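Following: one structure in structure tokens, then a few remarks.
In each ligand, atom 1 is the first atom listed, and ligand 1 is the first ligand listed. As the structure is a computational prediction, the values presented were derived from the model and not from experiment. Numbering of residues begins at 1 and proceeds along the displayed sequence.
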Amino acid sequence: MRIVLLGAPGAGKGTIAKLLTDYDGSVQISTGDILRGAVKAKTELGEEAQGYMERGELVPDGLIMKIMESRLQEPDCKKGFILDGFPRTIPQAEALRELLKKLKIKLDIVVNLDVPRDVILDRLTTRRTCSNPNCQEIYNIKSKPPTQDGKCKKCGSPVVQRADETEEAIIKRLETYNDKTAPLISFYEKEKMLKSVTSTSSEEIVSAIKKFLK
Ligand code: AP5
């Protein structure tokens, strides 16, 4: 499959993308995970991105497109990909359209995960993430807890709260989503690619996406 997952912070894009990778071997490409890995590794990209991320602002489009242009040409993308957290602005969506045209790749669908704001706020304050950049399994202290001593059930690394999980940054991320990312819903509606799923159940969302793809 070649799909884009749209949705507010905490809507469940990462959770759903990870479940979908088991379906047909498509790879999850999360710009958030790539950037967090770069911050942890203290690369030039990480140093440039860190401040924006901790404030809950978007990293500049030019940096993101540079990452995605090379990522989408890696061999594992041949099996298919799930774009999680990208595109996030109209210029990114336009640049993605041009890039895919150049690479002769066609997107199947764009799925918008529509989750109520109160659910989102609750999920963001209770989320925990595996600190291993090669794993980044997503946990939730209420719905999917890590081990009792706070370790990842997959790789055993410590499970931590993200640096952008402060109340201030969460509010800013939701505002940024409304201003910059929500307009992508009508962008992809006009492109006749948009499918919306209104559910808080991961199983229901995954099965709706599988149906869309048939
Ligand atoms: P990014 O990592 O993409 O963060 P986000 O969009 O804010 O999304 P989240 O990861 O917070 O949420 P999610 O929708 O993946 O939800 P999750 O599955 O974790 O980006 C971080 C930052 O990087 C940005 O702020 C920006 O600075 C920068 N950035 C990234 N991409 C960029 C781009 N393209 N352009 C510019 N800047 C960019 O789920 C949330 C919680 O809910 C978890 O605890 C989970 O266990 C729980 N949960 C999920 N589904 C369910 C369910 N069905 N039932 C119960 N609990 C559930």
Side-chain angles (χ1 to χ4, degrees), residues 4-21 28-40 45-46 48-69 71-72 82-93 95-96 111-116 118-130 133 136-146 152-153 159-166 168-182 184 197-208:
V4 169
L5 290 181
L6 285 183
K13 302 179 294 295
T15 302
I16 297 298
K18 285 186 171 63
L19 292 170
L20 286 173
T21 56
Q28 174 195 12
I29 304 180
S30 156
T31 39
D33 286 351
I34 294 172
L35 293 167
R36 276 185 291 280
V39 169
K40 196 156 185 210
L45 166 69
E48 207 165 331
Q50 187 168 17
Y52 294 102
M53 295 174 77
E54 285 177 2
R55 290 191 297 275
E57 293 168 11
L58 293 180
V59 171
D61 292 336
L63 267 187
I64 298 291
M65 288 317 301
K66 220 157 89 185
I67 298 172
M68 289 308 291
E69 181 148 6
R71 182 65 187 90
L72 281 168
I82 302 147
L83 301 184
D84 155 13
F86 169 83
R88 237 179 168 99
T89 62
I90 297 279
Q92 287 182 21
L96 174 66
V111 180
N112 178 40
L113 304 180
D114 188 9
V115 176
D118 56 331
V119 176
I120 279 179
L121 285 174
D122 182 52
R123 283 183 182 175
L124 287 176
T125 47
T126 51
R127 173 175 50 200
R128 300 291 183 271
T129 311
C130 173
Q136 310 214 31
E137 184 68 6
I138 302 163
Y139 291 94
N140 187 287
I141 50 175
K142 289 186 187 166
S143 59
K144 188 188 164 193
C152 176
K153 288 182 178 168
V159 166
V160 296
Q161 197 159 14
R162 275 171 32 180
D164 62 355
E165 227 80 279
T166 61
E168 211 184 343
I170 289 173
I171 291 169
K172 179 72 188 161
R173 279 162 59 209
L174 291 170
E175 269 174 30
T176 305
Y177 168 79
N178 285 333
D179 290 352
K180 303 269 170 60
T181 309
L184 291 180
V197 189
T198 308
S199 171
T200 51
S201 149
S202 300
E203 292 73 28
E204 275 178 26
I205 297 168
V206 168
S207 94

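- Counting only heavy atoms of the protein, atom 28 (C) of ligand 1 lies nearest to Leu35 CD1, 3.6 Å.
- Distance from atom 57 (C) of ligand 1 to its nearest protein heavy atom, with residue and atom name: Arg123 NE, 3.5 Å.
- Counting only heavy atoms of the protein, atom 44 (O) of ligand 1 lies nearest to Tyr139 O, 2.8 Å.
- Taking only nitrogen or oxygen atoms, main chain and side chain alike, Arg127 reaches within less than 3.5 Å of ligand 1.
- For the pair Lys13 and ligand 1, the shortest N or O to N or O distance falls below 3.5 Å.
- Atom CG in Leu20 sits 14.0 Å away from atom NZ in Lys13 (nearest 0.5 Å).
- Proximity to Gly85 (heavy-atom distance under 4.0 Å) selects the following atoms of ligand 1: 31 (N), 32 (C), 33 (C), 34 (N).
- Annotation: Arg162 places an N or O atom under 3.5 Å from an N or O atom of ligand 1; distance criterion only.
- Close approach to Gly32 involves these atoms of ligand 1, each under 4.0 Å from a residue heavy atom: 1 (P), 2 (O), 20 (O), 30 (C), 31 (N).
- Considering backbone and side-chain N/O of Ile64, none are found under 3.5 Å from N/O of ligand 1.
- Residues Lys153 and Glu137 fail the side-chain proximity criterion, which asks for heavy atoms closer than 4.5 Å.
- A salt bridge links Asp122 with Lys142: the closest approach of a Lys/Arg side-chain nitrogen to an acidic carboxylate oxygen falls below 4.0 angstrom.
- Salt bridge present: Arg127 and Glu165 bring a charged side-chain N and a carboxylate O closer than 4.0 Å.
- Close approach of ligand 1 to Arg36 is summarised as follows: ligand atoms under 4.0 Å from at least one heavy atom of the residue are 2 (O), 21 (C).
- In terms of polar-atom proximity, defined here as any N/O pair under 3.5 Å, Tyr52 makes no such contact with ligand 1.
- Scanning both residues, Gln92 and Phe86, for their nearest heavy atoms gives OE1-CD1, 3.3 Å.
- Residue contacts with ligand 1 do not include Ser30, since none of its heavy atoms lies under 4.0 Å from the ligand.
- When the heavy-atom distances from atom 25 (O) of ligand 1 to Glu165, Arg173, Glu203, Glu204 are ranked, the shortest goes to Arg173.
- Atoms of ligand 1 found under 4.0 Å from any heavy atom of Ser143 (numbered from 1 in listed order, with element): 55 (C), 56 (N).
- Scanning all protein heavy atoms for the shortest distance to atom 1 (P) of ligand 1 gives Arg88 NH2, 3.7 Å.
- Annotation: Gly12 places an N or O atom under 3.5 Å from an N or O atom of ligand 1; distance criterion only.
- For ligand 1, the polar-atom distance check finds an N/O of Asn140 within less than 3.5 Å of one of the ligand's N/O atoms.
- Remark: of the listed residues Ile16, Ile205, Leu83, Ile16 is the sole one forming a side chain to side chain contact (heavy atoms under 4.5 Å, CB included) with Leu5.
- Here the CG-CG distance, from Leu35 to Leu63, works out to 8.0 Å after rounding to the nearest 0.5 Å.
- Within the 4.0 Å heavy-atom cutoff, Gly7 does not count among the residues contacting ligand 1.
- Scanning both residues, Gly14 and Asp84, for their nearest heavy atoms gives CA-OD2, 3.3 Å.
- For atom 53 (N) of ligand 1, the closest heavy atom belonging to the protein is Thr200 O, 2.6 Å.
- Taking 4.0 Å as the cut-off, Ala17 does not count as a neighbour of ligand 1 on heavy-atom distance.
- Residue Gln92 has at least one N or O atom closer than 3.5 Å to an N or O atom of ligand 1.
- With ligand atoms numbered from 1 in the order given, ligand 1 contributes 18 (O), 19 (O), 43 (C), 45 (C), 46 (O) to contacts under 4.0 Å with heavy atoms of Ile138.
- If you number the atoms of ligand 1 from 1 as listed, the ones under 4.0 Å from a heavy atom of Leu124 come out as 11 (O).
- At most 12 heavy atoms of other shown residues, nucleotides or ligands fall within 6.0 angstrom of atom CD in Glu168.
- From the protein, the heavy atom lying nearest to atom 23 (O) of ligand 1 is Met53 CE, 3.5 Å.
- Salt bridge Lys180/Glu57: absent, no basic N to carboxylate O contact under 4.0 Å.
- Distance from atom 15 (O) of ligand 1 to its nearest protein heavy atom, with residue and atom name: Gly14 N, 2.9 Å.
- Close contacts between ligand 1 and Ala8 involve ligand atoms 14 (O) [criterion: under 4.0 Å to a heavy atom].
- Here the closest heavy-atom approach between residue Leu124 and residue Pro9 is recorded as CD1-O, 3.8 Å.
- Among all protein heavy atoms, the one lying closest to atom 27 (O) of ligand 1 is Glu57 O, 2.6 Å.
- Counting atoms of ligand 1 from 1 in the listed order, those under 4.0 Å from a heavy atom of Asp164 are 21 (C).
- The shortest heavy-atom contact between Leu113 and Ala11 is O-CB, 3.9 Å.
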